[in-house]
Amino acid sequence: MESFGQIILSGFLIGVLVSAPMGPVGILIIQRTLNKGRWAAFFTGIGAALSDIFYCLLTGMGLAFITDFITSHDFLLEILGSLVIVAFAIYLFQKNPARALRKRHENKTTVFKDIGTGFLFTFSNPLILFFIIGLFGRFNFLTPDYQYYHYIVGYAAILLGALTWWYLITMVINKIRAHFNVRSMWLLNRIIGAILIIMAIVGIFKGVTGYINKSNDHEQIATHTLYQRA
């Protein structure tokens, strides 16, 4: 039960964090919330979440081929993953997505068109794979000892996290539409970037201390083996 709780929490957080940065699809969803209403925007978010889960599946399959490496270098992977998150957070701090926020007229679309637009906007950015790899490493997500049902629960939790994020964002933007301004997105990116940096610092600390402890354990085992042979 503990492993299920951990994988659900980790998956949910990954889903939220993958969706949270205000990239092109975030701009589109906010525009649609303001121009077309909450539900058209939420269906666009569903398309974005489906694209995110697709990239997460690709990442998971890629990591499955190197399970031995993950097992042997788990702390190193956590450090590298945290560094990737730091780089992404710095990018968020420097980027001002508010420049792309402009009100525009959009023709009425169907639910499937909204979902398809969200999917294509997110799918067109394969660089998100590096961010996902960083998050997988940071949260030690889907370790080699997990069974197929752990994978199912984990990816379902990622999808739930992404959908929850877009549901809340569209709800909040819809409620504050009268007070919303371009600075709000800039501030949101700064907050998300700060959270990512804090998480990455914790991950780097845990990875470094874990790596040091693991190295000390190996040295002690090697010393004890040599002593026994002597």
Side-chain angles (χ1 to χ4, degrees), residues 1-23 25-26 29 42 45-64 70 74-93 118 122 125 127-147 149-172 187-210:
M1 290 299 293
E2 182 178 354
S3 61
F4 272 110
Q6 179 181 352
I7 198 172
I8 290 173
L9 178 60
S10 298
F12 186 85
L13 290 175
I14 289 173
V16 170
L17 292 173
V18 167
S19 303
M22 286 290 110
V25 72
I29 288 173
F42 177 65
I46 291 177
L50 292 176
S51 181
D52 286 335
I53 198 66
F54 174 77
Y55 277 126
C56 286
L57 287 169
L58 286 183
T59 303
M61 287 187 291
L63 292 178
I70 297 175
D74 49 348
F75 295 114
L76 178 61
L77 185 61
E78 186 171 12
I79 294 172
L80 293 176
S82 297
L83 291 176
V84 171
I85 295 175
V86 169
F88 196 83
I90 293 174
Y91 167 78
L92 286 179
F93 268 98
T122 309
N125 181 27
L127 293 179
I128 194 68
L129 274 171
F130 294 101
F131 185 46
I132 293 173
I133 290 172
L135 290 174
F136 274 35
R138 168 62 185 85
F139 289 100
N140 197 23
F141 188 70
L142 299 181
T143 57
D145 58 322
Y146 284 158
Q147 303 299 321
Y149 44 82
H150 290 103
Y151 283 73
I152 294 174
V153 171
Y155 286 117
I158 292 176
L159 182 60
L160 178 62
L163 293 177
T164 300
W165 170 260
W166 293 125
Y167 182 85
L168 293 176
I169 282 295
T170 54
M171 180 181 68
V172 171
L187 181 61
L188 181 62
N189 262 7
R190 290 298 179 95
I191 293 173
I192 294 169
I195 293 173
L196 289 176
I197 288 178
I198 292 172
M199 291 177 56
I201 291 174
V202 173
I204 291 172
F205 177 77
K206 287 176 58 181
V208 170
T209 54

Heavy-atom closest pair, residues Ile7 and His150: CD1-O, 3.1 Å

With Tyr167 via ring pair (Phe, Tyr, Trp, His ring centres under 6.0 Å) - residues at least two apart: Phe42

Distance in Å, Leu163 CG paired with Phe12 CZ, rounded so as to fall on 0.5 Å steps: 9.5 Å

Distance (rounded to the nearest 0.5 Å) between Phe131 CZ and Thr59 OG1: 11.5 Å

Partner residues of Ser10 under the side chain to side chain contact (heavy atoms under 4.5 Å, CB included) criterion, sequence neighbours left out: Gln6, Phe139, Phe141

Ile128 side chain near Thr122 side chain, heavy-atom distance below 4.5 Å: no

Validation row: Asp52, Ile158 side chains within 4.5 angstrom (heavy atoms): no

Pair Trp166-Ile46, side chain to side chain contact (heavy atoms under 4.5 Å, CB included): steps then yes or no: CA-CA 8 Å; Trp166 293 125; Ile46 291 177; over 6 Å; no

Set of side chain to side chain contact (heavy atoms under 4.5 Å, CB included) partners for Leu168, sequence neighbours left out: Thr164, Met171

Residues which pass side chain to side chain contact (heavy atoms under 4.5 Å, CB included) with Val172, listed by chain and number, not counting sequence neighbours: Ile176

Heavy-atom closest contact (Ser19 atom, Gly15 atom, distance): OG-O, 3.0 Å

Heavy-atom pair of closest approach, residues Ala157 and Ile8: CB-O, 3.5 Å

Ile14/Arg138 under side chain to side chain contact (heavy atoms under 4.5 Å, CB included): CA gap, chis, key distance, verdict: CA-CA 10 Å; Ile14 289 173; Arg138 168 62 185 85; over 6 Å; no

Which atom of Leu159 lies closest to which atom of Ile53, heavy atoms considered: N-CD1, 4.1 Å

Qualifying residues under side chain to side chain contact (heavy atoms under 4.5 Å, CB included), relative to Phe54, sequence neighbours excluded: Leu58, Phe123

